[in-house]
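To start, the structure under review is shown below, and the notes come after it.
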Amino acid sequence: MKDIRILGIESSCDETAASVVLNGRKVLSNIISSQIDIHTLYGGVVPEIASRKHMERIDRVVNAALKESKVSIDDIDAIAVTYGPGLVGALLVGVSYAKSYAWALNKPLVGVHHIEGHICANYIEHEDLKPPFISLVVSGGHTHLVKVSDYGKYEILGRTRDDAAGEAFDKVARVIGLGYPGGPKIDKVSYEGNPNAYSFPRAKISENEYDFSFSGLKSAVLNELNSLKMNGQTYVQADVAASFQQAVVDVLVSHSMAAIDEYKPECFAIAGGVASNSHLRKAMEEACAAKGVRFYMPSPVYCTDNAAMIAVAGYHEYLAGNISGWDLNAIPGLKLGERN
Ligand code: KG4
Ligand code: ZN
């Protein structure tokens with residue numbers, strides 16, 4: 001089969017990223033320009049600032065990705081871009097750029113679902129991973145348990161009813177004074193804390209055992225801190241962090257194992273920013289091993305937002321003939337499995 005080179009572009013949140021991927025697996029370049037330093041000043045992502053920064057950086061980021069890949073633009077087979085879900089203004093920068101670039105160069109344009117990208121990040125370093133498998137996607141905006149029946153074919157088994165797992169990490173980190181972004185900070189400080197210091201709730205949803213809820217856990221942490229404060233007591237930051245994180249990890253693992261018991265997949269893969277959490281990685285690895293299920297996870301750099309994963313997802317959509325029209329638009333609430 002002819003070699004296929006996809007240029008991927010990602011701008012759905014606070015990372016401006018571009019990448020060139022060969023045959024849906026081999027990353028030839030992966031440029032990520034993070035805005036974390038800027039948003040840290042405000043304690044979270046400011047959408048208006050994110051869009052402006054994407055505008056300032058996207059051209060340089062795409063050119064750097066092409067240069068590093070040593071692939072001439074003439075040899076790019078298609079341009080893949082995240083068109084949802086995400087921040088509308090941020091998405092629009094990537095979509096408009098990719099559209100004009102593809103149109104000017106007469107290349108096919110492929111709109112990619114951001115969550116599909118996260119799942120596809122697993123193909124980069126695992127040559128042997130192929131559908132069908134089950135994936136847990138845990139990011140700043142999403143918590144999904146997904147059955148991947150084929151490339152590009154997804155069935156959502158469960159999703160969060162309120163906060164995403166990453167959002168809960170970020171909020172709890174803020175209230176215990178760790179700042180933004182909360183996930184990596186809680187991950188690190190937890191090594192110094194006792195995960196059993198506080199018994200925070202592990203929510204179960206009766207209507208669907210695969211759905212998640214993290215808002216009660218977040219409130220439980222806040223209530224605990226408030227009552228300690230009212231009684232004039234202090235708390236150990238690392239203990240709160242470790243106990244909160246243990247509650248999240250327990251729920252993510254138990255829901256995933258329940259899905260494994262029901263659907264009996266041979267493989268299970270985690271994805272998304274929270275999948276870079278070292279405690280979750282270890283717990284999932286052990287739980288899958290105990291069930292005899294092959295476990296996959298991307299390296300941390302492919303868990304958090306990047307464009308290599310978008311190029312990989314774009315490759316499969318391209319092979320399936322899913323080429324987008326010039327009317328491709330940013331869709332902030334795009335559902336997984338829908339194509340526009
Ligand atoms: O996938 P991602 O980069 O962006 C979205 O699509 O949302 O995920 C970002 C989220 C943030 O909430 C961040 O706090 C969380 O992933 N995160 C982590 C870790 N690294 C990033 N959460 C827990 N532990 C980590 N090590
Ligand atoms: Zn993401």
Side-chain angles (χ1 to χ4, degrees), residues 8-17 19 30 32-36 39-40 43-45 47 50 54 81-87 90-91 94 112-122 135-144 146 159-160 163-176 178-191 193 195 214 217-218 241-242 244-253 269-284 297-310 312-313 332-334 336:
I9 298 176
E10 155 66 35
S11 72
S12 67
C13 189
D14 59 346
E15 262 96 27
T16 321
S19 164
N30 185 30
I32 304 168
S33 172
S34 174
Q35 306 175 3
I36 279 187
H39 298 290
T40 298
V45 178
H54 286 311
V81 64
T82 308
Y83 73 111
L87 302 169
L91 286 165
V112 168
H113 191 290
H114 185 75
I115 299 299
E116 177 175 16
H118 274 303
I119 295 171
C120 288
N122 276 287
S135 183
L136 172 75
V137 191
V138 269
S139 72
H142 302 271
T143 308
H144 280 34
V146 182
R159 55 157 61 86
T160 183
D163 292 350
E167 204 177 343
F169 268 97
D170 294 334
K171 285 180 182 166
V172 168
R174 195 171 326 152
V175 298
I176 62 174
L178 282 171
Y180 177 84
K185 293 187 172 165
I186 289 186
D187 190 346
K188 191 157 172 243
V189 79
S190 290
Y191 283 101
F214 295 106
L217 169 60
K218 184 187 64 193
F244 157 77
Q245 180 182 253
Q246 192 59 50
V248 177
V249 169
D250 283 353
V251 165
L252 296 177
V253 172
I270 56 172
V274 182
S276 61
N277 182 276
S278 61
H279 307 260
L280 176 67
R281 292 166 84 85
K282 186 162 175 282
M284 278 292 184
M297 56 187 169
S299 293
V301 68
Y302 296 127
C303 285
T304 43
D305 287 350
N306 65 86
M309 67 184 199
I310 302 305
V312 177
L334 186 67
L336 188 63

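Whatever order the structure lists them in is the order used to number ligands and atoms, beginning at 1.
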Applying salt bridge (Lys or Arg N to Asp or Glu O under 4.0 Å), can you list everything that pairs with Asp187, at least two apart in sequence or on another chain? none

Answer yes or no: does an N/O atom from Thr304 fall short of 3.5 Å to an N/O atom of ligand 1? no

Could you tell me which N, O or S atom of Asp305 is nearest to the Zn ion (ligand 2)? OD1

Does any N or O of ligand 1 fall below 3.5 Å from an N or O anywhere on Gly166, backbone included? yes

Let me check your reading of the structure: within less than 2.8 Å of the Zn ion (ligand 2), is there an N/O/S atom from His114? yes

If you have a sec, work out which protein heavy atom is nearest atom 7 (O) of ligand 1 and how many Å separate them, to one decimal? Gly140 N, 2.8 Å

Check the pair Ile9, Ile310 against side chain to side chain contact (heavy atoms under 4.5 Å, CB included), reporting the backbone distance first and the verdict last. CA-CA 7 Å; Ile9 298 176; Ile310 302 305; over 6 Å; no

Return the closest protein heavy atom for atom 17 (N) of ligand 1 as residue, atom name and distance. Gly273 O, 3.6 Å

Residue, atom name and distance, where the atom is the protein heavy atom closest to atom 3 (O) of ligand 1: Asp305 N, 3.0 Å

For His279, state whether at least one heavy atom is located under 4.0 Å from any atom of ligand 1. no

Give the residue, atom name and distance (to 0.1 Å) of the protein heavy atom nearest atom 15 (C) of ligand 1. Val274 CG2, 4.0 Å

Could you walk me through whether Val248 and Asn277 pass the side chain to side chain contact (heavy atoms under 4.5 Å, CB included) test, one step at a time? CA-CA 11 Å; Val248 177; Asn277 182 276; over 6 Å; no

Geometry only, no angles: is Phe169 polar-contacting ligand 1 at N/O separations under 3.5 Å? no

From atom 18 (C) of ligand 1, work out which of Gly183, Ser278, Pro85 has a heavy atom at the shortest distance. Gly183

Measuring from non-hydrogen atoms of His118 to any atom of ligand 1, is the shortest distance under 4.0 Å? yes

Closest protein heavy atom (residue, atom, distance) for atom 20 (N) of ligand 1: Ser276 OG, 3.2 Å

Is the Zn ion (ligand 2) less than 2.8 Å from an N/O/S atom of His118, whether that atom is in the backbone or a side chain? yes

To atom 13 (C) of ligand 1, the nearest of Asn277, Asp187, Asp170 on a heavy-atom basis is Asp170

Here the pair of heavy atoms bringing Val45 nearest to His39 is CA-ND1, 3.5 Å

Of all protein heavy atoms, the one nearest atom 6 (O) of ligand 1 is His114 NE2, 3.1 Å

